[in-house]
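First the structure, in the form of structure tokens, and then the observations on it.
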Protein chains: 2
Amino acid sequence: MFQGEYTNNMDDKGRLNIPAPFRDVLQRNYNEPTIIVARDPQTACLRAYPLQEWKRLLAKVGARPSNDRVVQAFKRTVISSAQEYHPDKQGRVLIPQTLRTYAGMSKATVFAGSVNTFEIWDAKAWDAQLTSSLALLQDQDLDF
Amino acid sequence: MFQGEYTNNMDDKGRLNIPAPFRDVLQRNYNEPTIIVARDPQTACLRAYPLQEWKRLLAKVGARPSNDRVVQAFKRTVISSAQEYHPDKQGRVLIPQTLRTYAGMSKATVFAGSVNTFEIWDAKAWDAQLTSSLALLQDQDLDF
DNA sequence: ACAAATTACCCACTTTTACCCACTAAGCGC
DNA sequence: GCGCTTAGTGGGTAAAAGTGGGTAATTTGT
């Protein structure tokens, strides 16, 4: 289970260091270090899936009629961007330019746990998102 | 059951000493010293949960539709910030910079019991909150 | 097929964290 | 009051995490 929020720096080569706690979860709960990274279609961030979770997502998409316009759009945005990454000995992956651009990533990068996936954000974008999420919750009557 | 208010100092390394009475409650009522600390979304403080109480919260959140905007905001602010902490031999935990910043913590830190969780405040912020809470209660018709 | 660019892999360094030990101050009983 | 216990605090050290960079392998383009 991915939880917690970590900030790491992308280096000049475009390599991203997956936070150690997330690597632990991958190893312990999924028995392999590989992740799939794809666009998150509704926010300007990337989402990382353990292989198993990604397959589950594919199955769900496959169950829907393939002429559904939403399904088509989903395939074009998310599935097309998805790629497998094998972290190096230091636990880093090289994210391609297109995805970096999509998430507006430059250097400081936030990794945010999201139960069975985790999100990858540019630090500034993450802060902005956080501020607006907090504002939204401010007036809510939360019962948990 | 967490009750009472205690003030401890965060040291230069960012370590926070959990007040002994709270550690006792964790050990006696929950049989383990581990806590989850996360943002409190509506006030500038952190909230510490025994594992069992945290799981209860997760269950409540999971029972709500995941496309609910409030639920999404809650996940991004609270769940993402949640992390497990294992106090050291002296009963201290190291709180990361992001959470310290969120709660405006510098040195003097207040721990306030809140039945099945407890709150962690910067001492100054706690005083301000206390004043306004008292003001709110002034005109109320309390029947307990 | 060859040169240039990109990527993967490895090694080394720096910073941070976890763990342990020790000291001080505050209560408590005798 | 004196010694004991317990809570709180400070700091050293070894391991782990994060970061930077070199080089070989691979890919790409011509």
Side-chain angles (χ1 to χ4, degrees), chain A residues 2-28 32-37 48 81-101 105-113 118 120-123 126, chain B residues 2-28 32-37 48 81-101 105-113 118 120-123 126:
Chain A
F2 300 102
Q3 57 181 194
E5 178 193 325
Y6 305 89
T7 304
N8 280 348
N9 291 320
M10 182 168 66
D11 67 19
D12 294 343
K13 292 184 180 179
R15 291 179 297 189
L16 269 185
N17 195 334
I18 312 293
F22 289 177
R23 275 182 270 151
D24 283 352
V25 173
L26 285 167
Q27 201 56 61
R28 300 166 73 88
E32 63 175 341
T34 309
I35 53 172
I36 303 262
V37 176
S81 70
Q83 216 179 307
E84 228 178 279
Y85 295 93
H86 305 276
D88 69 11
K89 218 177 187 179
Q90 279 69 26
R92 293 174 293 192
V93 294
L94 183 69
I95 300 295
Q97 190 59 52
T98 35
L99 290 190
R100 271 184 266 163
T101 305
M105 288 155 59
S106 54
K107 185 154 194 201
T109 304
V110 172
F111 298 78
F118 61 90
I120 304 175
W121 290 78
D122 174 67
W126 170 257
Chain B
F2 300 102
Q3 51 183 350
E5 175 193 329
Y6 306 89
T7 303
N8 281 348
N9 289 322
M10 181 167 67
D11 67 19
D12 293 343
K13 291 185 180 179
R15 292 179 296 190
L16 269 185
N17 195 334
I18 312 292
F22 289 177
R23 274 183 270 151
D24 284 351
V25 172
L26 285 167
Q27 202 55 62
R28 299 166 76 87
E32 64 175 342
T34 309
I35 53 172
I36 302 261
V37 176
S81 71
Q83 225 179 299
E84 233 178 273
Y85 296 93
H86 305 276
D88 69 11
K89 221 176 185 180
Q90 280 67 27
R92 293 173 294 191
V93 294
L94 183 70
I95 300 294
Q97 190 59 53
T98 37
L99 290 190
R100 272 184 265 163
T101 305
M105 288 155 57
S106 54
K107 186 154 193 202
T109 305
V110 172
F111 298 78
F118 61 90
I120 305 174
W121 289 80
D122 175 67
W126 170 257

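Owing to the predicted nature of the structure, the values given are computational and were not obtained by experimental measurement. Per chain, numbering begins at 1; letters A, B, ... match sequence-line order.
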At under 4.0 Å between heavy atoms, what does B:D11 touch on the DNA or RNA strands: base, sugar-phosphate, or nothing? sugar-phosphate
Under 4.0 Å, heavy atoms only, any strand: does A:N9 hit a base, just the sugar-phosphate, or nothing? sugar-phosphate
Provide, to the nearest angstrom, the distance between the CG atom belonging to B:N17 and the P atom belonging to C:dA18. 16 Å
d(CG, B:L16; P, C:dA18) in whole Å: 13 Å
Check ion pair A:R28-A:D24 (N to O, under 4.0 angstrom): no
Does B:D12 or A:D24 map to a spot on DNA chain D nearer the 5' end, using the closest nucleotide for each? B:D12
Does the side chain of [X] reach to within under 4.5 Å of the side chain of [Y], using non-hydrogen atoms?
X	Y	result
B:T109	B:R100	no
B:T98	B:S81	no
B:I35	B:L26	yes
A:V93	A:P87	yes

Given protein heavy atoms under 4.0 Å, the one-letter contact record of nucleotides 3-9 of chain C, with B base, S sugar-phosphate only and - none, is simply ----SBB
Assign each of A:Q90 and B:K89 to its nearest nucleotide of DNA chain C by heavy atoms, then name whichever residue's nucleotide is nearer the 5' end. A:Q90
What's the verdict on side-chain hydrogen bond (donor to acceptor under 3.5 Å, both in side chains) for A:R92 and A:N8, showing C-alpha distance, side-chain angles and the deciding distance? CA-CA 11 Å; A:R92 293 174 293 192; A:N8 280 348; over 6 Å; no
At a 4.0 Å cut-off to heavy atoms of chain A, the contacted part of DNA chain D spans D:dA17 to D:dG22
What orientation do B:F111 and B:F118 show, parallel under 30°, tilted 30 to 60°, or perpendicular over 60°? tilted
Heavy-atom donor-acceptor pair, A:N9 side chain to A:D11 backbone, under 3.5 Å: no
